[in-house]
Amino acid sequence: MSPAYLPKAAERIDAQYARVGVTSTRAEISGARSIVEHLKNQLNAEDVAKQVKATGYEGCWVLALGTTDAADIAAGSNHTEDERIDKMMAVIGDDPVLWVNVKTLETSGNWANPNMQVFDQHLESAKARYPNLQVYDWSSVVQDPWFTTDKIHYTSAGYAKRAAMIADALAAQIPAPS
């Protein structure tokens, strides 16, 4: 959503959601947000979701969480993948959820892609516990050139592709109620 990354408003996620028929968007985007841990006094994802639900929100959720969580687990957090997923789903309840899985190009350390793959496996398994959960397999479609040199974040072109593809996945995997 940042004009610094995507100067063309039409490439941003809110415009892409509108393109596929979403009539209202509430973006709660913060870099490096974890489901459990807090970064620089920012709310974690669980607390943000609780605030959203406290407003009476009922609708579709698109979650792009897991990269920081996988790295936090690799760094020694005692909160497991399943616990993190369950925390978000407990707050969301029965609302439909499209959860975008994760990938990095990093080969070692906490941010290594093997850690991301473990998170993705737990996310896939969670679908058996949550019939309202769909997973968008971003990790299978993201292209290496869309990553910046840090091997974790995306270039502007990568973020534009990501926004369009997530919106398309939302329309395909969680069609609007008739």
Side-chain angles (χ1 to χ4, degrees), residues 1-6 8-73 77 79-102 116 119-120 122-139 153-154 159-178:
M1 298 253 319
S2 171
Y5 283 95
L6 294 173
K8 296 178 186 173
E11 292 181 335
R12 297 181 201 143
I13 192 77
D14 55 341
Q16 292 299 311
Y17 286 149
R19 177 182 59 80
V20 298
V22 174
T23 57
S24 177
T25 302
R26 178 179 176 152
E28 295 289 347
I29 301 169
S30 178
R33 180 169 277 153
S34 168
I35 296 167
V36 176
E37 290 82 16
H38 295 85
L39 175 67
K40 300 177 186 172
N41 300 318
Q42 293 180 17
L43 292 177
N44 66 20
E46 180 186 21
D47 291 338
V48 170
K50 285 178 179 177
Q51 284 185 347
V52 170
K53 282 301 266 191
T55 68
Y57 178 79
E58 290 185 20
C60 184
W61 296 69
V62 178
L63 304 178
L65 297 165
T67 304
T68 301
D69 294 284
D72 288 344
I73 293 166
S77 173
H79 298 280
T80 67
E81 294 86 355
D82 287 341
E83 179 183 353
R84 292 164 186 269
I85 294 164
D86 291 346
K87 282 177 176 291
M88 290 304 296
M89 296 304 292
V91 174
I92 291 167
D94 293 333
D95 290 347
V97 177
L98 178 68
W99 199 316
V100 180
N101 72 8
V102 296
M116 306 301 135
F119 190 91
D120 290 349
H122 284 267
L123 198 51
E124 276 298 316
S125 295
K127 293 189 315 187
R129 297 190 308 276
Y130 302 104
N132 58 320
L133 174 62
Q134 296 288 318
V135 175
Y136 172 49
D137 190 8
W138 169 250
S139 67
H153 297 95
Y154 307 106
Y159 278 117
K161 290 282 192 184
R162 182 174 168 87
M165 295 173 91
I166 289 172
D168 290 342
L170 177 62
Q173 292 182 249
I174 305 180
S178 48

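Because only heavy atoms are used, hydrogens play no part in the values below, and waters and symmetry mates are left out as well, while side chains stay in.
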Test item: Arg33 side-chain N/O and Leu65 main-chain N/O as donor-acceptor pair under 3.5 Å: no
Interatomic distance, Leu123 atom CG to Leu133 atom CG [nearest 0.5 angstrom]: 6.0 Å
Steps toward side chain to side chain contact (heavy atoms under 4.5 Å, CB included) verdict (Val62, Ile166): CA-CA 9 Å; Val62 178; Ile166 289 172; 3.9 Å; yes
Minimum heavy-atom distance Ala126-Ile85, with the two atoms named: CB-CG2, 3.7 Å
Distance-only polar pair, side chains of Asn101 and Ser139, donor-acceptor under 3.5 Å: yes
pair Asp69-Val102: side-chain heavy atoms closer than 4.5 Å: no
Within residues 57-67 or reaching into it, pairs that qualify as side chain to side chain donor-acceptor pair (under 3.5 Å) - sequence neighbours excluded: Trp61-Asp95
Spatial distance of atom CD (Glu11) from atom CZ (Arg19) [nearest 0.5 Å]: 11.5 Å
Asp86 vs Arg129 side-chain heavy atoms within contact, under 4.5 Å: yes
Tyr130 and Val97, any side-chain heavy atoms less than 4.5 Å apart: no
4.5 Å side-chain heavy-atom contact, Tyr136 and Leu170: no
Minimum side-chain heavy-atom gap His79-Ile35 below 4.5 Å: no
Side chain to side chain, Val135 and Asp137, heavy atoms closer than 4.5 Å: no
Minimum heavy-atom distance between Met88 and Ala49, given as atom pair plus value: CE-CB, 3.8 Å
Gap separating the NZ atom of Lys161 from the CG atom of Asp168, nearest 0.5 angstrom: 10.5 Å
Spacing of CD1 belonging to Ile73 relative to CZ belonging to Arg84, to within rounding of 0.5 Å: 4.5 Å
Distance (rounded to the nearest 0.5 Å) between Gln134 CD and Ile174 CD1: 6.0 Å
Pairwise side-chain contact, Thr80 with His122, heavy-atom cut-off 4.5 Å (strictly under): no
All salt bridge (Lys or Arg N to Asp or Glu O under 4.0 Å) counterparts of Asp47, not counting sequence neighbours: none
Any Met89 side-chain heavy atom under 4.5 Å of Asn132 side chain: yes
Minimum-distance pair of heavy atoms, taken over all atoms of Gly59 and Pro96: O-CD, 3.7 Å
Partners passing ring-ring contact (aromatic ring centres under 6.0 Å, His included) against Tyr159 (at least two apart in sequence or in another chain): Tyr5, Tyr154
Separation of Ser34 OG from Glu46 CD (nearest 0.5 Å): 10.0 Å
